[in-house]
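Here the structure is laid out as structure tokens; the discussion comes afterwards.
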Amino acid sequence: MFADLYQQIILEHYRHPQNVGVVDGSLQVRNEHPSCGDKVLLSVCVDGDTVREVRFLGEGCSISQASLSMMTEAVKGLSVDEVRGLYEKFREMLHGHEPDEDALGDMVSLQGVSRFPARVPCATLGWETLFRALALESHEDNPGQPCE
Amino acid sequence: MKAVADSLWKQVREDFPILAREVHGRPLVYLDNAATSLTPRPVLAAMNHYYEHANANVHRGLHTLSAEASEAFEQARDKVQRFIGARGRESVVFTRGATSALNLAARAWARPRLARGDVILVSELEHHANLVSWHIITKETGAKLRFIPLADDGTWRIDLLPELLQGPVKMVSVAHVSNVLGGINPVKEVIAQAHAVGAKVMIDAAQSVGHMPMDFQALDADFLAFSGHKMCGPTGIGVLCGKAELLDDMEPVEGGGDMIVHVGWEESTWNLLPYKFEAGTPPIAEAIGLGAACEFLGGIGLDRVRAHTQELTELAARTLDGMDGVHVYGPLVGRLGPVAFAVDGVHPHDVATLLDGEGIAVRAGHHCAQPLHTKLGASATARASFYITNQPEDVDRLVAGLQVVQEVFGVR
């Protein structure tokens with residue numbers, strides 16, 4: 001009945017997540033959804049205004065983990081503003097708007113999540129964490145490490 | 001005999017209007033009873049009757065409606081008292097639910113009586129309500145928690161009890177039935193041994209009252225906490241039952257209307273039990289609903305309720321554990337209500353979402369028992385929980401639903 005939520009591409013990312021790991025010397029942010037226990041450790045390298053490297057260690061449902069995997073692929077090389085713009089498009093899709101397929105790529109497969117309000121936070125866990133990391137990054141007390 | 005039983009449960013199901021609904025085009029199979037049970041017509045009718053005929057505050061007014069409301073409210077207390085075998089009505093304190101009942105006893109009985117180094121014994125399978133309430137107290141008093149460990153099958157290591165009860169153990173507070181593993185815990189044994197060393201015992205009976213016969217006096221616990229909404233009653237009402245001499249010796253936690261005899265400028269005197277602990281306007285309709293739930297379950301017979309629920313629970317546990325790629329946590333026998341399980345290669349949230357698509361309501365997560373899940377080595381589990389509204393066909397639907405889950409994730 002709900003099988004269409006679980007597009008093959010989501011299951012692919014769930015079984016074989018991309019960019020798994022921790023980048024040495026990077027900025028690291030932990031996040032957890034207390035109600036469901038989904039966890040992530042995101043490590044981010046920003047060079048000037050550009051996201052150079054993002055890796056993650058995660059534990060959770062297929063939606064949260066696939067979304068993390070897709071996000072790490074999508075944001076590498078983008079400027080912080082471009083990351084914001086992309087997330088805006090992703091969020092709009094999760095709230096029922098027609099997706100910008102060109103911009104979102106693989107992430108379009110998560111469109112079905114919009115029908116499951118309780119699962120939207122799963123899809124945004126990685127992004128939430130990324131923005132937390134970027135906020136730290138721009139903070140004077142937490143100067144970002146240059147990328148290796 | 002089986003035909004008689006089948007017709008009884010068919011009749012019981014007819015009292016639950018919600019069972020007629022469909023979810024995503026499939027007849028609802030409700031397997032989230034451990035979170036909250038469904039509500040039968042007599043309970044809804046009792047609450048409606050209050051609002052439609054006697055909608056007034058209790059214990060205050062001199063007018064007819066208030067008198068009728070007070071009478072219905074106090075009759076509900078009597079029904080609860082009889083239902084759980086409490087000695088007197090003064091032992092039955094209405095609370096917001098099991099959580100506030102546990103917190104009330106922790107705060108009003110334990111906190112003033114605990115000193116640094118004293119021990120509160122709980123078990124490794126406790127719900128957060130019987131854990132975090134103690135974290136607040138240990139932080140304030142310097143007392144510490146000790147845990148009854150679990151054996152591999154999820155039952156208590158009751159053999160370790162004599163050792164665990166050594167030293168300054170002042171309070172033992174444990175679950176009667178685990179909300180995850182479903183095992184019926186040997187609380188009688190714990191109560192006897194705890195009393196022998198002078199400790200008081202509180203039983204978290206959220207998953208047992210209304211699911212099996214309860215006799216508070218025979219059990220000889222000092223406190224018993226439970227919720228209305230897990231036993232066919234409404235949300236927002238629960239009970240702390242306590243031995244009257246202990247309740248009498250406790251100071252109130254909340255002050256306000258109804259809990260006083262006389263109020264002066266500088267001080268007041270407390271009302272008698274149980275009102276001392278019921279400050280403010282109580283959940284009147286909810287208490288009346290809980291009383292009706294006691295009558296409803298009493299009408300079926302608690303032995304029958306237990307037999308039916310346990311049979312279905314154990315059937316489900318056995319059947320799921322026998323499926324390829326499915327594992328059940330906890331004991332396969334001696335189990336009442338909850339069946340927590342894992343499906344290899346599929347996260348519990350995905351299991352729950354896909355089952356919902358099949359019209360089957362289960363819960364996924366840590367079920368307010370995070371430390372237990374750490375012990376189980378799982379950050380989350382899926383949980384199907386059974387009660388009187390369920391039938392053997394529900395287990396078949398669950399199995400078929402899990403096969404869909406396995407197909408979608410390609411793990412079959």
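Chain naming here is simple, since letters A, B, ... match the order of the sequence lines and numbering starts at 1 in each.
- Heavy atoms of V405(B) lying under 4.5 Å from chain A are absent altogether.
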Practice prompt. Could you give me the CA-CA distance, side-chain angles and deciding distance for F56(A) and L41(A), then say whether side-chain contact (heavy atoms from CB on, under 4.5 Å) is met?
Written response: CA-CA 6 Å; F56(A) 77 101; L41(A) 170 66; over 6 Å; no
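- Under the 3.5 Å distance criterion, with hydrogens and angles disregarded, no donor-acceptor pair is assigned to the side chains of H176(B) and N185(B).
- Contact of E407(B) with chain A is not made at all, since no heavy-atom distance falls under 4.5 Å.
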Fill in: Verdict with reasoning, H24(B) to F2(A), per side-chain contact (heavy atoms from CB on, under 4.5 Å)
CA-CA 9 Å; H24(B) 305 298; F2(A) 284 176; 3.1 Å; yes
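- Using modelled atom types and a 3.5 Å distance limit, the side chains of H373(B) and T381(B) yield a donor-acceptor pair.
- In this structure, the portions of I63(A) lying under 4.5 Å from any heavy atom of chain B include both its backbone and its side chain.
- For E12(A), no part lies under 4.5 angstrom from a heavy atom of chain B.
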